[in-house]
Amino acid sequence: MREIGQDNQPQNQIKRRILTGHRPTGPRHIGHLKGTLETWAKLQDSYQCFFLIADEHVLTTDYEHPGRIQGNILEVLADWLAAGIDPDRSALVLQSAVPEHAQLSLLFSMLVTVARLSRVPTYKEQVKELQLQPSLGLLTYPVLQASDILIYKAEAVPVGEDQLPHLEMTREIAHRFNQIYGQTFSEPEAILSSTPRLPGLDNRTMHTSYGNAILLRDTPEETTRKVMSMYTDPTRIHSTDPGHVQGNPVFDYLDAFHPDHAEVAGLKTRYEAGTVGDVEVKRRLANVLNETLAPLRQRRAKLIARPEYLKEVLHSGTEQVRPIAQATLAEVYAKMGL
Ligand code: TRP
């Protein structure tokens, strides 16, 4: 079995370790690709990367649909690999297959007050959004996430802005642990993605569950249909009216995906002058998306047709990293007097 960081390149041994992950809530969309997956793929050149499928975290809001999780894990894996996550260089890890995450979370939960967790903004938002009595599991979501990171002593965590409160919690837990039991964990830093977040088709946040996302697995026909239905400039009635480019998701997508920046600049100028219609711009965007996504979609189609291969990738990544988790947990047990 290949050991992480012990392959032919000697400089690998000094590579810093990062851990990041997604909850397997469904297939990934073009917002994930631009904001996250392309960044992760690049980070593989300079870091030892662990990519976590956080299936236990799914249960914090979706424990009543156990039938969905296994399929969603494969969907996420196929998207990740198609987007350039390389299982030969990075470990893909299944959270529930490394019980040490949950064990460490129990121990960490002693170091965090209920009041502190109740103030975490993501928790407050979820409680408001879901309009139900929050579970203990939802409250301790950030403690489990801290365990995901610290069980491997990861030094950095590439995340979106929305995850910063969880990283703050992680640093606090590391700090508190070190204070009481002696230096054990470094306080991991965030690696923030520099690409602006892509809005959804309707200009809200792009979200699979809002039905406002273009999925990586969508066919060219679905993509075109979605693009033609996109929100544009609501103040523009006729195609000869001067249009607005700012806050217009059609142009956000063109900026993100069209390799020919000069053509985008030209379209913007004509849009603002009222010499190009929404339909023409959308047709162009649909073609651009379908062209640039085609190679990824081809890889993705091949991967999703091989569930046994995907399971093997996840299994072997998980096997590789588990000894690290076991060692950390043993150290924590001893330090906490167990
Ligand atoms: N909370 C993250 C999200 O919703 C997923 C996640 C779980 C994660 N564990 C993690 C991200 C550890 C980074 C590190 O996107």
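Since we're looking at a predicted model, the values are computed, not measured. All ligand and atom numbering here is 1-based and tracks the order in the structure.
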K.L.:
Quick check for students: name every N or O atom pair between ligand 1 and the protein closer than 3.5 Å, with distances.
P.N.:
residue  : atom  : partner : partner atom : Å
ligand 1 : 1 (N) : Tyr141  : OH           : 2.7
ligand 1 : 1 (N) : Gln145  : OE1          : 2.9
ligand 1 : 1 (N) : Gln163  : OE1          : 2.9
ligand 1 : 4 (O) : Arg23   : NE           : 3.4
ligand 1 : 4 (O) : Tyr141  : OH           : 3.2
ligand 1 : 9 (N) : Asp148  : OD2          : 2.7

K.L.:
Do any N or O atoms from the side chain of Asp202 and from the backbone of Met230 form a donor-acceptor pair under 3.5 angstrom?
P.N.:
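No, because the side chain of Asp202 does not come within donor-acceptor range (under 3.5 Å) of the backbone of Met230.
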K.L.:
Would a distance-only check, ignoring hydrogens and angles, find a side-chain to backbone donor-acceptor pair under 3.5 Å from Arg299 to Ala82?
P.N.:
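Flag set: sc Arg299 to bb Ala82 pair under 3.5 Å.
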K.L.:
Does the Arg217 side chain pair with the main chain of Ala301, one donor and one acceptor, at a distance under 3.5 Å?
P.N.:
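No: the side chain of Arg217 does not pair with the backbone of Ala301.
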K.L.:
In chain order, what residues pass the side chain to side chain contact (heavy atoms under 4.5 Å, CB included) check against Tyr231, with sequence neighbours excluded?
P.N.:
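Tyr231 satisfies side chain to side chain contact (heavy atoms under 4.5 Å, CB included) with Asn203, Pro234, Pro249 only.
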K.L.:
Restricting to ring-ring contact (aromatic ring centres under 6.0 Å, His included), what partner residues turn up for His207, sequence neighbours left out?
P.N.:
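His207 satisfies ring-ring contact (aromatic ring centres under 6.0 Å, His included) with Tyr210 once adjacent residues are dropped.
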K.L.:
Can you run down the side-chain hydrogen bond (donor to acceptor under 3.5 Å, both in side chains) pairs that involve residues 128-147, sequence neighbours left out, and say none if there aren't any?
P.N.:
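The answer is Arg23-Tyr141, Gln145-Gln163, Gln145-His166.
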